[in-house]
Amino acid sequence: MTRSEKKSGTRVLHRSIAHRYPVAASGAGILIRDETGKDYIDASAGAAVSCVGHSHPDVLAAMREQMDSLEYAHTSFFTTRAAEALADDLVAHAPDGLDHVFYVSGGSEAIEAALKLARQYFVERGEPNRRHVIARRQSYHGVTLGALAVGGRAWQRQKFAPLLIETHHVAPVYEYRDRAPQETAQAYGERLARELEAKIAELGAENVIAFVAEPVVGATLGAVPAVPGYFQAVRAICDRFGILLILDEVMCGMGRTGTLHACEQEAVAPDLMAIAKGLGGGYQPIGAVMVGARVIDAIAAGSGFFQHGHTYIGHPVACSAALAVQDVLVRDSLVHRCAVQGEKLRARLGQKFGVHPHIGDIRGRGLFLALELVRDRAAKQPFDPALKLHARIKRAALDAGLMCYPMGGTLDGVRGDHVLLAPPFIVSDAELDLVVERLGKAVDTAIAQTA
């Protein structure tokens, strides 16, 4: 018996080796129950995953039906009706120009595949010199090496820096802290767009593959949307220089912000779009890249195949589960409900925290909202990172039976704390009241511990 096994009683290499995790035993609706019988309100849907809630009977029935007929078929030999039906559904509701789907098992894999598709697109076109990818600081695109290289989460990149490909980063949209006092939102967005244009000029437009961004920045900044016109300016810049626009909607997409795709609210369509999380609602590991026609056409006219793949892509049970989730979203008008309940949650957060001395900002879209915590509200001064306020809030919330998604390093990878909320779309008004009540107690408990 190893020292770590003696301490924790587990052979699982958990995210934190020393931490003792409660054992999840069952779930229903927006609740998860542990083995002791304690219930937790899942106010973050795990990590913005469980959009239709836990144990939805229609999704479970679709999975059983698929498993009764076929549990797995490798995509080098077969396609399946489940994979074809899900792709047809996704394309039917996709942003303009996205007409094919490449399946993966999660968000990081989706970004990896998107990067490879983008590179291969230019190779097929006879532009092999295109090698640079530009993204934004304080972004998160996944933990596999390519996705980590593109992401801007500095603390997570640090240990693995020697293994990462060279990428380039510009400023994110972070209006709460970065828009100048006399600067309009439009002028701020234009300034950020000029920064991107300057970076392209520095690298040489003929050497740039793509710009990668989250329409609403999720885990790293905490539900930060763009200012009006920013993404339209970005789209125009990409078009002017022949650069692909890759949007990462892994966390903010599939209805989470109140429209099926977050980019709908920006009135832009990408060339490649990564989706996951709400695609399968947590019922099976699944993600996808939505692929634009011009990318498909270039590969079809060249080598004729995408030089990438995994064992479990297009898994029939995962595709059946995801299609059932999408059917439930449409049948029960859950994307619209997400927008409505999001407004209600935002109003409740405003009532509870609007004048709180340590809440600097309440932001987000749909049921994808966040609070940014500050030591001094007027000066927007963050708490000392050594206090690990975000971790204290998570512990206090779990003690109160609430799952939320706190994170540190909001400002620069070191300083700053925020709490992300992303409950299932089925959340009721009464459950919203409980979420805000329990979060308020957790925030005040955690802050009191830092005094």
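This one's a predicted model, so the numbers in the text were calculated from it and none came from an experiment.
With hydrogens and angles ignored, the 3.5 Å screen pairs a side-chain donor or acceptor of Tyr21 with a backbone N or O of Ser16. Between the side chain of His93 and the main chain of Asp89, a donor-acceptor pair closer than 3.5 Å is present. Under the 3.5 Å distance criterion, the side-chain polar atoms of Glu214 are left unmatched by any main-chain donor or acceptor of Ser139. Tyr283 places a side-chain N or O within donor-acceptor distance of the main-chain N or O of His56, the cut-off being under 3.5 Å. Glu109 contributes a side-chain N or O that, together with a main-chain N or O of Ser105, makes up a donor-acceptor pair within less than 3.5 Å.
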Self-check item: Test side-chain contact (heavy atoms from CB on, under 4.5 Å) applied to Gln156 and Tyr140, step by step
Solution: CA-CA 10 Å; Gln156 204 164 37; Tyr140 178 73; 3.3 Å; yes

Exercise. Determine, stepwise, if the pair Leu334 / Ile426 fulfils side-chain contact (heavy atoms from CB on, under 4.5 Å).
Key: CA-CA 7 Å; Leu334 290 185; Ile426 61 171; 4.1 Å; yes

Self-check item: Asp412 vs Arg153, salt bridge (Lys or Arg N to Asp or Glu O under 4.0 Å): CA-CA, chis, key distance, verdict
Solution: CA-CA 8 Å; Asp412 53 15; Arg153 189 183 280 182; over 6 Å; no

Exercise. Kindly determine whether Arg438 and Glu431 satisfy salt bridge (Lys or Arg N to Asp or Glu O under 4.0 Å), including the steps that lead there.
Key: CA-CA 11 Å; Arg438 293 182 186 183; Glu431 289 165 338; over 6 Å; no

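Using a 30° and 60° split on the angle between ring planes, His310 and His308 fall in the perpendicular class, above 60°. Taking the six-membered ring for Trp and thresholds of 30 and 60 degrees, His315 and Tyr312 have ring planes inclined between 30 and 60 degrees apart.
Note that OG of Ser55 is 6.0 Å distant from CG of Leu60, once rounded to the nearest 0.5 Å. The structure places CG of Leu421 at 12.0 Å from CE of Met403, a figure rounded to the nearest 0.5 Å.
Here side-chain hydrogen bond (donor to acceptor under 3.5 Å, both in side chains) pairs that include residues 317-327, with residues two or more places apart or in two chains, are Gln66-Ser320.
Residues that satisfy the side-chain hydrogen bond (donor to acceptor under 3.5 Å, both in side chains) test with Arg81, not counting sequence neighbours, are absent from this structure. Arg337 meets the salt bridge (charged side-chain N to carboxylate O under 4.0 Å, His left out) test with no other residue; sequence neighbours excluded.
Open room surrounds CD on Glu65; 12 or fewer heavy atoms of other groups in view lie less than 6.0 Å from it. Surrounding NZ of Lys380 are more than 12 heavy atoms belonging to other residues, nucleotides or ligands, all under 6.0 Å away. For Lys199, the NZ atom is densely surrounded, since the number of other residues' heavy atoms within 6.0 Å is greater than 12. Shown here is Gln186, whose CD atom has no more than 12 heavy atoms of other residues, nucleotides or ligands within 6.0 Å. The environment of Arg33 atom CZ is sparse: at most 12 non-hydrogen atoms of other residues, nucleotides or ligands sit within 6.0 angstrom. For Phe102, the CZ atom counts as densely surrounded, since its 6.0 Å shell holds more than 12 non-hydrogen atoms of other residues, nucleotides or ligands. Within 6.0 Å of the CG atom in Asp96, the count of heavy atoms belonging to other residues, nucleotides or ligands does not exceed 12. Enclosure of atom NE2 in His14 by more than 12 non-hydrogen atoms of other residues, nucleotides or ligands within 6.0 angstrom is indicated.
With no hydrogens or angles considered, a side-chain donor-acceptor pair links Thr259 and Gln265 at under 3.5 Å. A donor atom on one side chain and an acceptor atom on the other are found under 3.5 Å apart for Tyr174 and Arg177. Using a 3.5 Å distance cut-off with no hydrogens or angles, the side chains of His358 and Asp376 do not pair a donor with an acceptor.
Leu387 has its side chain within reach of Asp384: a pair of non-hydrogen atoms, C-beta onward, lies under 4.5 Å apart.
Ion pairing of Arg331 with Asp58 is present here, as a side-chain N (NZ or NE/NH1/NH2) and a carboxylate O approach within less than 4.0 Å.
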